[in-house]
Structures are given as C-alpha cells and as structure tokens.
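Chain identifiers are assigned alphabetically (A, B, ...) following the order of the sequence lines, protein sequences preceding nucleic acid strands; residue numbering begins at 1 within each chain.
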Amino acid sequence: MDIWFHIARALDEKLRQIAATLPDFGAAFSPAVKPSDPRHADFQANGVLGWAKSRKQNPRALADALADALRPQLDENLVTLEVAGPGFLNFKLTPQFLLRWLEAYRTQADFAQAAGALFKGRKIVIDFPSPNTAKQMHVGHLRPMVIGEAIQRLLQFCGADMVRDNHIGDWGTNYGILILGIKRAGFDLDKAGPDAIEDLERLYKEGSALTKADPATADAARQELVRLQQGDAENTALWEKINALSMKACEEIYKKLGITIDVTLGESFYRDKVERVYRELQDVGLAEEDKGALIVWHDDHPRFARTAEPSQPFIIRKADGASNYGSTDLATVLYRREHFNADEIVYVTDGRQQDHFQQLFLTAQKWFAKKGYALPCLRHVWFGTILGEDGKAIKTKSGDPVKLKALLQEAVDRAEKIVAEKNPDLSAEERAKIAESVGVGAVRYADLSQNRTGDYVFSWDKLLAFEGNTAPYLLYAGARIHSILRKAGLDADDATCETGASAFETAEEIALARKLIAFPSMLDATVEDLRPHLLCTYLYELAGQFSSFYNANKVLTENAGERARRLVLCRRTLTVLEAGMRLLGLEPLERM
RNA sequence: GGGGGCGUAGCUCAGUGGAUAGAGCAGCGGUUUUCUAAACCGUUGGUCGCGGGUUCGAGUCCCGCCGCCCCCGCCA
C-alpha cells in the first residue's frame with residue numbers, strides 16, 4: 001500500500017473506484033472524504049448517507065457493503081476502516097502509517113513538490129497591492145499588501161508561474177486635485193525635504209475638502225487632470241516628481257513587509273492603450289455614447305441592464321474625455337493576456353469594488369468573445385474594510401488615520417522591549433532582528449488570521465497582540481524546536497537522527513502527527529477560495545499541538561527509539577511550521 | 001428600492017450539511033532544580049439576531065423579518 005501525500009484525495013479516489021463496481025452504487029457516487037473530528041477518526045466519508053436516502057435504501061447496509069469491498073485493499077497495519085453511526089465510513093491511520101508518512105515527506109521541497117501539481121505551469125498575474133499613489137500609506141493599506149503577498153506565495157507554492165503586477169493608481173482624479181493644490185500653494189517639489197510626502201498629503205487633503213465644498217474647484221481639478229492626460233508639459237513634469245516621491249515612500253513599506261513585485265504597470269502605463277479599448281468596444285457594439293460618456297450596458301444582467309432601476313452602466317470614458325478605471329482596467333486585461341499570456345488574473349482589492357469587477361469581467365468576457373481573444377480566468381479576491389473608531393472606513397477625510405510606518409515602528413519597539421526582558425543575553429543585533437520579525441509579523445498575522453471578507457475595527461491592541469493566536473506564538477514554537485536541535489548538537493538539515501524511530505505511543509505524539517498529515521487537505525481548502533486565515537488556523541493548531549507535546553514528552557531521552565521518533569515529530573513540525581509561516585510572509589526565527 | 005457583507009461566550013474571532021458548537025483575551029485555580037514559563041494543564045462562561053422551511057441530520061442551505069456597515073453615472 002502506498003503512503004499517499006494527499007490522504008483524503010487518495011481515499012476518495014479508492015472509494016469511487018470500488019463504488020463503480022458495486023451494484024448498489026455506481027460511477028456517480030461521490031464519497032465526500034474529509035478530515036474528521038479526531039475523536040472519531042482521521043478521515044471520514046459521509047457520501048453514503050445522501051446516496052442511500054436518494055435511493056430509499058438502508059444507509060448502514062450500504063456503508064457496510066462499501067467498507068467490506070474496500071477493506072481487502074487496505075493494509076490494516078496502516079489504515080483501518082469502520083462503519084459508525086448512521087453510515088459514516090471512518091478511516092483511522094495507525095501510528096505506523098503516521099510515522100511512515102512523516103518519513104516519506106521530510107523537507108520543504110518534498111511538500112512543495114507534492115503541492116506543486118495543483119497549478120503546475122499555470123501563468124497567473126496577480127494585481128496587488130495597487131495603491132493610489134501620492135498619499136502616505138495608513139493602516140487601510142495593510143490588507144491588500146499582506147493578503148496579496150500571502151496569496152501570491154500560496155499560488156506559487158502550488159506550482160503557478162506568477163507575475164506580480166502592482167497596478168498603481170497614478171492617473172486618476174487624485175492627481176488633478178493634487179496638481180491644482182500644488183499650483184495654488186506655489187509648492188516647489190524640487191525644494192521639498194525628506195518629509196515631502198507629508199506635504200503632498202496635506203495639499204491633497206486640503207484640495208479634496210475644497211473640491212467637495214466648491215463645484216468650481218472640483219471642475220478646476222478635473223481640468224488639471226484632463227491637461228495631464230493630454231500631455232501638458234507642466235502637469236507632466238509635476239506628475240513625474242509626485243510619482244518619484246510617492247514611489248520612494250511606498251517602497252520603504254514594501255521592503256519592510258517583504259512585498260514581492262515584478263512589474264509596476266500603473267494606470268498611466270495604459271494611457272496610450274485605452275484608444276484601442278474605446279474603438280474595439282464600439283466596433284463590436286458593446287459600448288455606446290450616453291450624455292457624453294462612453295458606457296457599456298449588460299442587458300442580460302439584472303442590475304447592469306439599461307432598464308434596471310436605478311441604472312448602473314459601466315462607464316469606460318468620462319464625458320470630459322478622460323479615461324477612468326473602467327478604461328484602464330479593460331486595457332490591462334488585454335495587455336496581461338497579450339503580453340504576459342495570462343491563464344488567470346487575480347485581483348486583490350477592497351470588497352467595495354465588487355460591482356466594478358463584475359462589470360469589468362462581464363465586459364471583458366463579451367469583448368474577448370467577439371474578437372476571438374482567449375479569455376483568462378478572472379478572479380476578484382476581495383477583503384473587508386479596516387474601520388475607524390466610529391465604525392466607518394478609515395479615510396483621510398475622517399481625521400488622521402494611523403500611519404502604517406508608525407504602526408510598524410510601534411510594533412517593533414514593543415517587541416524589542418519584550419525581547420530584552422525575556423532574553424537579555426542576546427546581542428543588540430540579534431535582538432533587533434527578532435523584534436523586527438515579531439513586531440512586523442504580529443501586525444501582519446493579526447490581519448491575515450481573520451476571514452478576509454469581514455470588516456474589522458482598527459485597534460492597537462488587536463494588531464499588536466503577542467498572545468494567543470498570534471505570530472509570536474508560531475515563532476516561539478519554531479524557536480523551541482531549534483533550541484532542542486541545538487541542545488542535541490544536531491544539524492537542522494541532517495536527518496540521520498531520525499533513524500531507528502519507534503512507533504508513536506503517547507496521546508501527544510499521535511495528536512501532533514495527525515495534525516501534520518492534515519497539511520495537504522488544509523492547503524486545498526486554503527487555495528480553493530484563497531483564504532489565508534485557514535492556513536493561520538492550521539498553523540496555530542499545529543503550534544498548539546506541538547506545545548502540548550513538548551510539555552508532556554521529553555524529546556532528548558536515553559531511549560534511542562523514543563528519541564528518534566520524537567525528533568521526527570520536531571523536525572517535521574519545523575518543516576511545516578516554517579513553510580507555512582513563509583507562505584504568510586512571516587520570517588521564522590531560530591531563537592527569541 | 002436593488003446588490004454585497006456582518007450578527008456565534010463579557011470582549012475579539014474560528015467553525016467544509018455530519019456525531020457532544022470551539023479558540024484566544026478577560027476571570028478563577030494549578031505547573032518551572034528537568035529540551036526557552038512569549039509556554040503548558042484545569043475551570044467558569046452559549047436562546048449560534050428573530051421566525052418559518054428543506055433535510056436522516058442546519059451555526060452552515062432556502063424564504064421572511066430585525067440591527068449595523070458598504071456599494072449603486074462620470075473617484076479608484
């Protein structure tokens with residue numbers, strides 16, 4: 001019998017094959033194998049119940065028949081099968097199976113190779129973090145960065161060929177407002193100091209307030225944008241300087257958060273590519289002029305049809321002739337298809353843009369179909385909003401949101417204090433490194449560990465928590481394993497210490513081993529809907545199982561077989577824990 | 001009005017139609033001459049917003065309400 005990497009999938013496949021040969025089942029039967037509550041089994045198949053019901057047969061009898069047919073193919077020294085309750089098939093893995101699995105899949109490379117079959121060779125362009133430039137990053141910018149980075153790492157781990165494209169907002173209305181503000185204030189960008197980004201932000205904020213209060217100013221700002229988009233020399237020069245300043249500020253944050261970016265092709269990159277969009281969409285009869293704007297209706301859609309009330313057209317060119325994000329996003333889909341040969345495009349943005357992306361995807365779909373272009377799979381991976389104390393989205397207009405730079409610095413400072421207290425013997429250099437990993441990791445993990453579709457209220461305590469389901473808890477478990485290996489004088493890469501392992505015996509050993517073999521099923525679930533918090537939950541539970549094991553079972557004992565098998569558990573926990581943490585963007589530590 | 005999200009322990013949140021709904025924090029009580037106590041163990045705490053329905057089985061699916069947040073023509 002093989003030691004399958006993906007146990008649930010293998011059992012599911014076996015049950016399907018057997019069922020196809022049985023008179024009461026057939027090829028249409030779906031076993032529905034999934035990880036089980038460990039109180040009952042390791043994996044369970046529930047498919048028999050629904051199948052029996054729809055055929056008005058006794059589920060228990062059918063389950064027995066299926067189990068009896070499969071059992072001869074299973075080595076009972078490795079996996080046992082029982083029928084329980086109304087007709088659950090319960091698979092229990094023996095301690096021997098657990099050990100053999102952990103011996104078969106040792107290194108991060110083994111795991112990556114096994115997982116890499118999922119998206120083998122698939123070209124995926126991921127659009128993140130894509131901020132609007134010319135503003136300093138605040139806590140509201142945290143989510144697209146940390147969620148996007150985790151997702152791109154997950155997809156790559158699963159074998160995808162990634163292009164990380166930072167689609168910055170460098171061509172929109174915000175530039176009109178900012179350019180107007182700079183001109184009116186007589187602000188000289190060449191003489192700007194190191195905090196120039198703060199000045200720009202102030203000018204933008206003032207300008208933004210003015211445009212809301214005064215229609216004439218709003219119009220003036222739009223005119224500045226039109227002039228920029230038409231290539232006006234003065235505005236272009238200003239635009240370039242603003243960009244340079246804001247890119248510099250962003251890159252500092254990207255570096256701190258370990259954000260991977262391959263190309264930065266912002267909206268401005270598509271300024272000479274939107275004409276083709278206007279032309280082709282009109283040629284194929286998708287776009288039409290309405291009140292001076294160019295718009296697309298989707299009459300086959302209940303909300304985006306021209307007859308819908310209220311109407312919600314997809315605007316791809318504004319009445320003043322300027323492009324908007326409809327135009328640039330369409331041009332971007334085409335470019336990603338033609339230039340990057342994308343099989344799939346993943347957009348990581350705020351959930352408030354769901355309508356926009358639905359309209360974008362519908363439009364691209366019809367446009368590509370009419371022109372005979374191959375349509376990439378388009379996915380919108382959206383996330384909830386970080387809210388201010390007032391329960392409203394954090395925005396510049398609602399006061400001064402906490403700057404991301406300051407938040408991260410505060411996190412690192414707090415972590416450093418704790419490191420100094422817990423481990424005073426460390427060098428200043430190592431203390432700083434640990435504080436960086438713990439502090440930044442805590443902020444990032446606090447965001448990632450929540451279901452991405454929910455909103456949450458910003459709070460220092462939440463983002464700077466160091467206890468419970470947090471990054472430091474995971475980092476600490478890893479550091480302890482390194483500590484054991486150090487104590488035993490073992491090289492982390494040398495597996496010879498695992499030789500001669502005896503079968504797992506204690507409840508803690510078995511619980512930890514079971515958690516480890518659940519990694520592939522967890523990865524499936526995480527990648528299916530791209531929900532990093534499932535990985536967080538898993539790692540937290542894994543670290544918890546390890547901590548219980550560590551406290552109850554001494555690893556470095558005199559009994560050679562016991563010591564070897566516990567080292568297998570330690571080393572495999574380290575492999576999975578560190579691989580998982582890196583997928584989330586956390587930097588594992590050897591001591592803390 | 002239409003669409004989306006959220007509502008689970010005092011607080012913050014997990015929960016793939018499956019067996020007795022779980023964590024953390026807070027509270028209470030323990031564990032260290034032994035591989036890092038940033039830890040571990042025990043314990044208190046529940047009308048899963050309300051009402052129907054589907055199902056062998058519903059926190060989970062469907063319908064109707066209630067509450068909060070977000071989006072709905074020239075912002076992105």
Is there a Watson-Crick or G-U wobble partner for [N] with both distances under 3.5 Å, and which nucleotide is it?
{"N": "B:A23", "result": "B:U12"}
{"N": "B:A76", "result": "none"}
{"N": "B:A38", "result": "none"}
{"N": "B:G64", "result": "B:C50"}

Choosing from [options], which nucleotide comes nearest the side chain of [X]?
{"X": "A:R39", "options": "B:C72, B:A76, B:G22", "result": "B:G22"}
{"X": "A:W297", "options": "B:G73, B:A76, B:G1", "result": "B:G73"}
{"X": "A:R352", "options": "B:A76, B:G73, B:C71", "result": "B:C71"}
{"X": "A:Y550", "options": "B:C35, B:C13, B:C40", "result": "B:C35"}
{"X": "A:N324", "options": "B:A76, B:G24, B:U36", "result": "B:A76"}
{"X": "A:P86", "options": "B:C72, B:G4, B:G18", "result": "B:G18"}
{"X": "A:P313", "options": "B:C35, B:C72, B:G73", "result": "B:G73"}
{"X": "A:I315", "options": "B:U36, B:G73, B:C71", "result": "B:G73"}

Classify the nucleic acid contact of [X] as base, sugar-phosphate or nothing, counting any heavy atom under 4.0 Å across all strands shown.
{"X": "A:H533", "result": "sugar-phosphate"}
{"X": "A:Q44", "result": "base"}
{"X": "A:F466", "result": "nothing"}
{"X": "A:P35", "result": "base"}
{"X": "A:A319", "result": "base"}
{"X": "A:N58", "result": "nothing"}

Between [N] and [X], is there an OP1 or OP2 to side-chain N/O distance shorter than 4.0 Å?
{"X": "A:H40", "N": "B:G18", "answer": "no"}
{"X": "A:T453", "N": "B:G4", "answer": "no"}
{"X": "A:K462", "N": "B:G24", "answer": "no"}
{"X": "A:K487", "N": "B:U34", "answer": "no"}
{"X": "A:K422", "N": "B:A39", "answer": "no"}

Original post:
Relative to the 5' end of RNA chain B, which residue comes earlier, A:V419 or A:K554, by the nucleotide with the nearest heavy atom?
Top reply: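 That would be A:K554.
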**OP:** Between A:L534 and A:Q353, name the one whose nearest nucleotide on RNA chain B is closer to the 5' end.
**Re:**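 Result of the comparison: A:L534.
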Using the [atom1] atom as the point on both nucleotides, what is the distance between [M] and [N], in whole Å?
{"N": "B:A58", "M": "B:C66", "atom1": "P", "result": "26 Å"}
{"N": "B:G51", "M": "B:U8", "atom1": "P", "result": "16 Å"}
{"N": "B:C11", "M": "B:U32", "atom1": "C1'", "result": "31 Å"}
{"N": "B:C65", "M": "B:G4", "atom1": "P", "result": "14 Å"}
{"N": "B:C48", "M": "B:U20", "atom1": "C1'", "result": "16 Å"}
{"N": "B:U33", "M": "B:G27", "atom1": "C1'", "result": "32 Å"}
{"N": "B:C40", "M": "B:A76", "atom1": "C1'", "result": "49 Å"}
{"N": "B:G10", "M": "B:U54", "atom1": "C1'", "result": "36 Å"}

Given the ring of [Y], does [X] sit roughly above its face, with NZ or CZ under 6.0 Å from the centre of the six-membered ring and within 45° of the axis?
{"X": "A:R317", "Y": "A:Y278", "result": "yes"}
{"X": "A:K34", "Y": "A:F43", "result": "no"}
{"X": "A:R379", "Y": "A:Y347", "result": "no"}

**OP:** Please find out if less than 6.0 Å separates the ring center of A:F314 from that of A:H298.
**Re:** no
Subject >> Ring centroid separation A:H533 to A:Y540 under 6.0 Å >> reply: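 No.
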Could you tell me how far apart [X] ([atom1]) and [N] ([atom2]) are, to the nearest whole angstrom?
{"X": "A:L464", "N": "B:A38", "atom1": "CG", "atom2": "C1'", "value": "15 Å"}
{"X": "A:L89", "N": "B:G18", "atom1": "CG", "atom2": "P", "value": "16 Å"}
{"X": "A:N451", "N": "B:G24", "atom1": "CG", "atom2": "P", "value": "20 Å"}
{"X": "A:N469", "N": "B:G15", "atom1": "CG", "atom2": "C1'", "value": "13 Å"}
{"X": "A:L294", "N": "B:G73", "atom1": "CG", "atom2": "P", "value": "18 Å"}
{"X": "A:E590", "N": "B:C35", "atom1": "CD", "atom2": "P", "value": "20 Å"}
{"X": "A:H380", "N": "B:C70", "atom1": "NE2", "atom2": "C1'", "value": "13 Å"}
{"X": "A:R452", "N": "B:A14", "atom1": "CZ", "atom2": "C1'", "value": "16 Å"}

Subject >> Check: A:S311 side chain, B:G73 base, donor-acceptor under 3.5 Å >> reply: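 Side chain to base: pair found, below 3.5 Å.
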Original post:
Below 3.5 Å, does any donor atom in the side chain of A:N90 face an acceptor in the base of B:A19, or the other way round?
Top reply: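 Flag set: donor-acceptor pair detected.
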**OP:** Give me the ring orientation class for A:F304 and A:H301: parallel if the planes are under 30° apart, tilted from 30 to 60°, perpendicular past 60°.
**Re:** parallel
Original post:
Taking the inter-plane angle between the rings of A:Y270 and A:H167 on a 0 to 90° scale, is it parallel (under 30°), tilted (30 to 60°) or perpendicular (over 60°)?
Top reply: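 Tilted: the ring planes of A:Y270 and A:H167 meet at 30° to 60°.
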Original post:
Heavy-atom contacts under 4.0 Å between residues 471-484 of chain A and RNA chain B, which residues?
Top reply: A:Y473, A:Y476, A:A479, A:R480, A:S483, A:I484
Subject >> Step-by-step side chain to side chain donor-acceptor pair (under 3.5 Å) determination, A:T332 to A:D329 >> reply: CA-CA 5 Å; A:T332 304; A:D329 278 2; 4.6 Å; no
**OP:** Compare every heavy atom of A:M592 with every heavy atom of A:L589, then report the nearest pair and how far apart it is.
**Re:**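 So the minimum-distance heavy-atom pair works out to CD1-CB, 4.1 Å.
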Subject >> Heavy-atom closest contact (A:L586 atom, A:L474 atom, distance) >> reply: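 Taking A:L586 first and A:L474 second, the nearest heavy atoms are CD1-CD1, 4.2 Å.
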Original post:
Run the side chain to side chain contact (heavy atoms under 4.5 Å, CB included) check on A:E508 and A:Q545 step by step: do they pass?
Top reply: CA-CA 7 Å; A:E508 292 83 6; A:Q545 293 289 2; over 6 Å; no
